[in-house]
Asker: 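Next up is a structure, given as structure tokens.
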Amino acid sequence: LLLLLCVPLIGLGQVNYNITVHTNDAWHGNLFFQKGGGSIKLVKILDSTDTEIFSENWGMKGWDFKVNYNNKLSYFDRSSKGWFIMDSLQNIVDTVYCQNGYIADNHDFLALQNGNYVLFAYDEQPYAMDTVVTGGDPNAIVEGLIIQELDPNHNVVFEWKSWDHFHVTDNIYLNLTSSSIAFIHANAIDIDFDGHLLISSRGLDEITKIHRTTGEI
């Protein structure tokens, strides 16, 4: 990634950013991101002096633009619902999609050093909520979560389903009589120091650790 990381690109329009540093040992590397808001969401890189050194419009591509664990660039394509892997010269070297009929979510994605990929999908299913709470919708749509780990050939080596571990009443904030219940809404996934999975679920207000082989919480 030396070209992208070290060589400023010429002719880019500069944007002013306010960056607050809270600690003296803050990381001094470059910041990769896609700018939110508005109809045009530019993919950008800032250096450690807050200078914009890369900015391009990739249309529906570019969500969660970052350097991943395999030292390659990755981003989500909101059109094809897949993750793209690029080398340092922006050549597409792989595209990754959920398997078994699921559609990848755009919030987070891991490209591991061993060549494996970790991604997740929301899984909406009809649920008879009248059997759970008084006044519940018998035809409610409830959001589940699927986590998949794929090998370098995109074969599923691990699949985890929230339906086997969470219950809709675990969410204490939602109106459980609604016709649509997004009770998990995971936003992030990572791997802990011992090799097991961590997910952050906004709807559950919870960080959950998942055994990477057995699926136990």
Side-chain angles (χ1 to χ4, degrees), residues 1-98 103-122 147-150 152 154 185-193 197-202 207:
L1 295 174
L2 289 178
L3 288 176
L4 282 179
L5 295 176
C6 300
V7 181
L9 301 181
I10 305 301
L12 298 175
Q14 294 299 304
V15 178
N16 293 324
Y17 296 90
N18 294 320
I19 297 179
T20 301
V21 178
H22 292 283
T23 64
N24 292 329
D25 59 348
W27 187 61
H28 294 292
N30 293 340
L31 176 63
F32 293 68
F33 65 101
Q34 184 185 48
K35 184 177 181 294
S39 58
I40 298 177
K41 297 176 172 57
L42 299 175
V43 173
K44 295 180 177 290
I45 305 175
L46 302 186
D47 69 13
S48 59
T49 67
D50 314 341
T51 300
E52 193 174 89
I53 60 175
F54 179 84
S55 180
E56 284 189 3
N57 179 12
W58 291 356
M60 296 290 283
K61 299 178 179 179
W63 188 276
D64 193 32
F65 176 56
K66 63 189 176 187
V67 181
N68 224 303
Y69 287 121
N70 62 353
N71 203 36
K72 290 183 171 60
L73 296 164
S74 65
Y75 63 84
F76 188 78
D77 175 17
R78 288 174 289 164
S79 178
S80 68
K81 308 298 183 184
W83 292 93
F84 283 58
I85 311 297
M86 293 196 310
D87 64 17
S88 60
L89 299 178
Q90 299 187 38
N91 298 310
I92 303 297
V93 297
D94 204 357
T95 54
V96 186
Y97 298 89
C98 269
I103 298 175
D105 179 69
N106 62 5
H107 279 94
D108 206 357
F109 168 76
L110 308 179
L112 305 181
Q113 291 180 334
N114 67 355
N116 284 11
Y117 301 111
V118 178
L119 60 172
F120 60 84
Y122 295 147
I147 300 173
Q148 291 183 343
E149 181 171 353
L150 312 181
H154 301 183
H185 203 76
N187 286 123
I189 189 165
D190 211 339
I191 295 179
D192 205 353
F193 297 108
L197 296 170
L198 293 171
I199 59 171
S200 174
S201 301
R202 187 185 73 184
I207 303 293

Asker: Okay, side chain of Y122, backbone of A186: is any donor-acceptor separation there less than 3.5 Å?
Answerer: yes
Asker: Between N68 and S74 (side chain of the first, backbone of the second, donor and acceptor by atom type, cut-off under 3.5 Å), is there such a pair?
Answerer: no
Asker: Kindly give the heavy-atom pair with the smallest separation between K35 and K44, and that separation in Å.
Answerer: CD-CE, 3.8 Å
Asker: Does any non-hydrogen side-chain atom of L110 lie less than 4.5 Å from one of D190?
Answerer: yes
Asker: Measure the spacing between CG of L31 and CD of E52 and express it to the nearest 0.5 Å.
Answerer: 10.5 Å
Asker: Do Y69 and N116 have a side chain donor and acceptor closer than 3.5 Å?
Answerer: no
Asker: What is the minimum heavy-atom distance between D87 and L89, and which atoms define it?
Answerer: OD1-N, 3.0 Å
Asker: Determine the sole option in W63, W58, W83, F109 for which the ring pair (Phe, Tyr, Trp, His ring centres under 6.0 Å) test with Y75 is passed.
Answerer: W58
Asker: Rounded to the nearest 0.5 Å, what separates atom OH in Y117 from atom CG in L112?
Answerer: 9.5 Å
Asker: As an exercise, state the distance from CG of L119 to CD1 of I103, rounded to the nearest 0.5 Å.
Answerer: 12.0 Å
Asker: Do the side chains of Q148 and V96 get nearer than 4.5 Å, heavy atoms only?
Answerer: no
Asker: Is atom CD1 of I92 surrounded by more than 12 heavy atoms (other residues, nucleotides or ligands) closer than 6.0 Å?
Answerer: yes
Asker: Which atoms form the tightest heavy-atom contact between Q34 and G62, and what is the distance?
Answerer: CB-O, 3.4 Å
Asker: Please report the interatomic distance CG(D105) to CD1(I147), rounded to the nearest 0.5 Å.
Answerer: 11.5 Å
Asker: I need the minimum non-hydrogen distance between A121 and C98, along with the two atoms involved.
Answerer: CB-SG, 3.9 Å
Asker: Quick one: CG on N70 to CG on D94, what's the gap to the nearest 0.5 Å?
Answerer: 9.5 Å
Asker: What closest approach, in Å, do K72 and V93 show between heavy atoms, and which atom pair accounts for it?
Answerer: CD-CG2, 4.0 Å
Asker: More than 12 non-hydrogen atoms from neighbouring residues, nucleotides or ligands closer than 6.0 Å to CG on L198, yes or no?
Answerer: yes
Asker: Could you report the tightest heavy-atom contact between T95 and H154, atom names first, then the distance?
Answerer: O-CE1, 2.8 Å
Asker: Does some side-chain heavy atom of D47 sit less than 4.5 Å from a side-chain heavy atom of I45?
Answerer: no
Asker: Do R202 and H107 have side-chain heavy atoms sitting under 4.5 Å apart?
Answerer: no
Asker: How far does CG of N30 sit from OG1 of T49, to the nearest 0.5 angstrom?
Answerer: 9.0 Å
Asker: Does any part of the side chain of F76, heavy atoms only, come nearer than 4.5 Å to the side chain of K61, both counted from C-beta?
Answerer: no
